[in-house]
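Basis for what follows: all heavy atoms, side chains included, without hydrogens, waters or symmetry-related copies.
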Amino acid sequence: MATLAAEPRNGAGAGLFRDLMPAAGRLEFALRLTAICTLTALINEIYALPEIALSVYIAFFLNKADRVGSLIQNVAVVVLISLLVGILFLLANAVLDRPFRLVVCMAAVSLLVLFVATASKLDILAGVLALIVAYGLDVLGQAPLGELATRALLYAWLCVLVPCAVSVVVNILVAPAPRSLVQRELARRMRLAAGMLTGPNDELRRSVTEALRDGDAELLKLLQFAALERTSPASDILPLRYAAGSSVALLTLVQMADREQAAGLPAAVASPVGCALKAAAEAFARGGYPAAMDVRLAPATRDELSAGSAAMLDGLADVVAALAEPPPMPQPSDEAPKPAGGFFKPDSFSNPAYLRGAIKTTAAAMFCYVFYQLLDWPGIHTCMITCYIVALGTTADTIQKMQLRIVGCLIGAAMGLAAMVFLIPDIVSVSGLLVVLVAGLLPAAWVAAGSERIAYAGYQIAFAFLLCVLQGSGPSFDMTVARDRVIGILIGNLVVLAVTVAIWPVSVGARVDAGIRHGLGLLRSLVLAAGPASRRRAIAEAQRALGSAADDLELIGYEPSSVRPAAAWISSRKAALEQMSLLCGPLFLTPAEPVAPRLEALASGAGAPGDGKPIGPSPFARIIDARLCRIEAEGLAERAEASRGTRYAVQ
C-alpha cells in the first residue's frame, strides 16, 4: 500500500539516514557525475571561459543513470541552445545600449521559452533553457560594442556546449547500458518478493511500497532506450518488457499475502516460491531472464490451504511460472494502441497553468534582475539564476523543494567557505583546485543521486559550493564574491516563494483528484482485462497512478492554509487511496466484471453505495465489496464540489 501523509513514520532522522544509504548504482552515478563536472571545470579553466561555476553546474541537469538517456538529453540541449543563441544574435542589435528594450526582450523571450518548454516534452529542461537565455541577454547588456556582444554570446553558447560535450564522451565510455539497469532492478524486485514471502520485515515492506509506487514506467522507458541503442536483440527486449509488468504484479501479490490474513501462505508453501524467485533474481543479475521451465513451484498440499490461500498460491504460480514469458500470440486487447504523442502535451494550449507558471517565473527573475541592477550590486546576480532553477508548478512542490534548496545552499556555502579558508590559499595550480572540486562535488552528487526526497538538496549543495570556489580562471579566495553569491541564492529563493504564494497559487489537490480518477479507471481496466499481458500492464499502471497520488497527498502539508484544501477533503482522499491500494491484489486475483460499473461511477464522480450485485465466485469477493463501500462512503464527488471556489481549485 502506498504510504500516505498521515501515516506514522520512524522519524525524519531515520528517513534521512535511509535516503543517504548506498544503493545499487548510486556510487557509480555519483562518480560519473563528479568526473564530468571536474573535466568541465578543467576545460573552462584552461581556456579561461567566464561563468565557470554555472557551466559546471549545468552538468547536473544533463545526465541520467543510463547512457542512452544521457546522450539524448545532451544532444537535445545542444541543438536547442544553438537555436536560442541564434535568436539572440538576431536580437543583439535591438538591445545593445538600450536598457529598457533589453529588459522587455529578456522578459518576452524568457516567457516564450518557459511556456514552450513546460507545455512540451522539454518540461524537465525548462528552467535550464530559460536560464541560459536570460544569462545571454544579461551578458549582451554588459557589452558596449557589437564585437564584444558577439563574443559574449559565444561564451554563453560554450557555457552549455562544454558540459554537453564532456557528458557525451564520458557517458559513451563508462555509463551503463539501459538494459543492465533494467535487469539490475528486476533482480532486486525478485529478491524483495522472495524476502516478503520467507521473512517479511519493515524494511522489506517499505522497499516493496516504493517499488510499487514506481510501477514499470521507468523500466519500460529504459527498454525503449535499449531497443534504440540496438545493443540487445529484439527477442530479448520483449521478455524483459513482460517481466517488468510481471514484477509489479508479483510485488502486489506478496504485499497482499503479507497484509490480508485470508490470503496468507504457510511457510511450507511460501518457501518453494521464495526459492524460485531467488533463482529468477540470479538469472536477471547474470544478464538473462528466467524461462518458464527454469522456475518451478514445488507441489503443495492444497487440502490444507484455505480458499484465499489457494487462490493466492495459484496467482503466484501463474506469475512466477511465466515471469518473463510473453504470450505466444498476443490478443488485440493485450496490445491496445496508444494515442500518438506529439511534441506538445495534450492540454498545452487549453490549460492556463503552463502560461501562468511561465509568467510567475519570469516575473520573479525580472524582479531580481532589476533589483540588483538598481542597487548596482552585480555580485548577487545569482538571485536571477536561482529563480529559474527553483520555480516549480505548484505551491507545495515549490515550498518543499525550497526547504531542501535552502538547506543545501547553506551546506554548500559552508563547504565552499571552508575550502576557501583552509585549502585554496595553499593551492598554486589548477590540479590542486580540481582536487578540491572532487572533494566537494562527490558528496553533492551522492545526495543528488538519491531519492526525490533529498535530490534537490544535492543540486543546491553543488551550486553554492561551485559559486564559492570557482570565481575565475584559477584558484581564488575572495570572500566578498562568495558572500554576495550566497546572498543572491537566498534572495532568489525568497522571491520565488513570495510569487508562488501570492500570484495564482496552485494547490497540488487537483493533481490528487486526477490521480484518484485515473487510478479508478485503471482498476476498472484491470477487472475487464482479458489476457495476462493486459492484466499485468493494468495493475502496473494502477499502482503507479495510486503511488503518484499518494506522493501528491503528502505534499499538501507544505501548502499554506490559504491554498491547502479542507481537512475533510484531505481525510477523504487519504481513506480512498488506502482502500484503492488494498484493492489491487484482490482485483488482480478476481476478474469480476460486476465491479466495473461501480469503479466507473466512482471515476466519473458519481459514486453511490453498491447495489448488492454479487461480485463473483471469489474468496475475496467480500473483501472487494467492503473496500468499495468504504470508498463510496467517502463521498469524493460531494467533497470535491464543496471545495470548488476555493483557491485550491485554481489549476
Side-chain angles (χ1 to χ4, degrees), residues 20 22 25-63 65 70 74 158-175 382 407-450 454-455 457-486 489:
L20 292 174
R26 185 171 186 175
L27 179 60
E28 181 274 333
F29 181 72
L31 288 172
R32 174 158 47 99
L33 185 55
T34 302
I36 291 171
C37 291
T38 306
L39 291 173
T40 300
L42 176 61
I43 294 173
N44 277 274
E45 293 282 0
I46 290 174
Y47 292 98
L49 300 177
E51 295 295 342
I52 299 176
L54 182 59
S55 181
V56 175
Y57 178 63
I58 288 173
F60 272 74
F61 294 90
L62 300 177
N63 291 277
S70 299
N74 278 277
L158 289 174
C159 182
V160 182
L161 181 64
V162 171
C164 285
V166 173
S167 296
V168 167
V169 173
V170 172
N171 279 293
I172 289 176
L173 293 177
V174 300
T382 50
V407 171
C409 171
L410 296 177
I411 294 174
M415 292 169 55
L417 292 174
M420 293 173 65
V421 172
F422 299 107
L423 299 178
I424 292 182
D426 297 326
I427 293 176
V428 295
S429 65
V430 173
S431 59
L433 180 61
L434 296 181
V435 173
V436 174
L437 284 179
V438 170
L441 287 173
L442 184 57
W446 178 270
V447 176
I454 62 170
Y459 282 65
Q460 200 66 55
I461 291 172
F463 190 39
F465 176 78
L466 290 169
L467 289 175
C468 291
V469 174
L470 294 179
Q471 300 180 12
S473 56
S476 177
F477 44 91
D478 189 336
M479 302 292 287
T480 302
V481 173
R483 179 204 65 190
D484 290 351
R485 290 179 171 184
V486 172
I489 293 174

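The shortest heavy-atom contact between C468 and G416 is CB-CA, 3.9 Å. Contact record, F60 with Y459: O-OH, 3.4 Å, taken as the closest heavy-atom pair. Closest approach of A419 and V469 over heavy atoms only: CB-CG2, 4.3 Å.
Remark: C409 engages Q460, A464, V486, I489, L490 in a side-chain contact (heavy atoms from CB on, under 4.5 Å) (not counting sequence neighbours). Taking A455 as the reference, nothing meets the side-chain contact (heavy atoms from CB on, under 4.5 Å) condition, with sequence neighbours excluded. Remark: L410 pairs with I406 by the side-chain contact (heavy atoms from CB on, under 4.5 Å) rule, at least two apart or across chains. F463 is linked by a ring-ring contact (aromatic ring centres under 6.0 Å, His included) to Y57, counting only residues two or more places apart in sequence or in another chain. Under the rule for a side-chain hydrogen bond (donor to acceptor under 3.5 Å, both in side chains), the partners of S167 that lie at least two apart in sequence or sit in another chain are N63.
Of the options V56, I58, L49, N44, a side chain to side chain contact (heavy atoms under 4.5 Å, CB included) to C159 is made by I58 and by none of the others.
Annotation: side chain of L470 is in contact with side chain of L437 (closest heavy-atom distance under 4.5 Å). Side-chain contact between L62 and P163 is present, with heavy atoms from C-beta onward closer than 4.5 Å. Within the 4.5 Å cutoff, no side-chain heavy atoms of L466 are placed close to those of I52.
Checking side-chain atoms of W446 against main-chain N and O of R26 turns up no donor-acceptor pair under 3.5 Å.
Separation of atoms OG (S429) and CD (E45) is listed at 11.0 Å; rounding is to 0.5 Å.
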Contacts under 3.5 angstrom, residues 28-40 side chains, donor-acceptor by atom type, not counting sequence neighbours:
from: E28; atom 1: OE2; to: R32; atom 2: NE; distance (Å): 3.0
from: R32; atom 1: NH1; to: K64; atom 2: O; distance (Å): 3.2
from: R32; atom 1: NH1; to: N171; atom 2: OD1; distance (Å): 2.6
from: R32; atom 1: NH2; to: K64; atom 2: O; distance (Å): 3.4
from: R32; atom 1: NH2; to: A65; atom 2: O; distance (Å): 2.8
from: T34; atom 1: OG1; to: A30; atom 2: O; distance (Å): 2.8
from: T38; atom 1: OG1; to: T34; atom 2: O; distance (Å): 2.7
from: T40; atom 1: OG1; to: I36; atom 2: O; distance (Å): 2.7

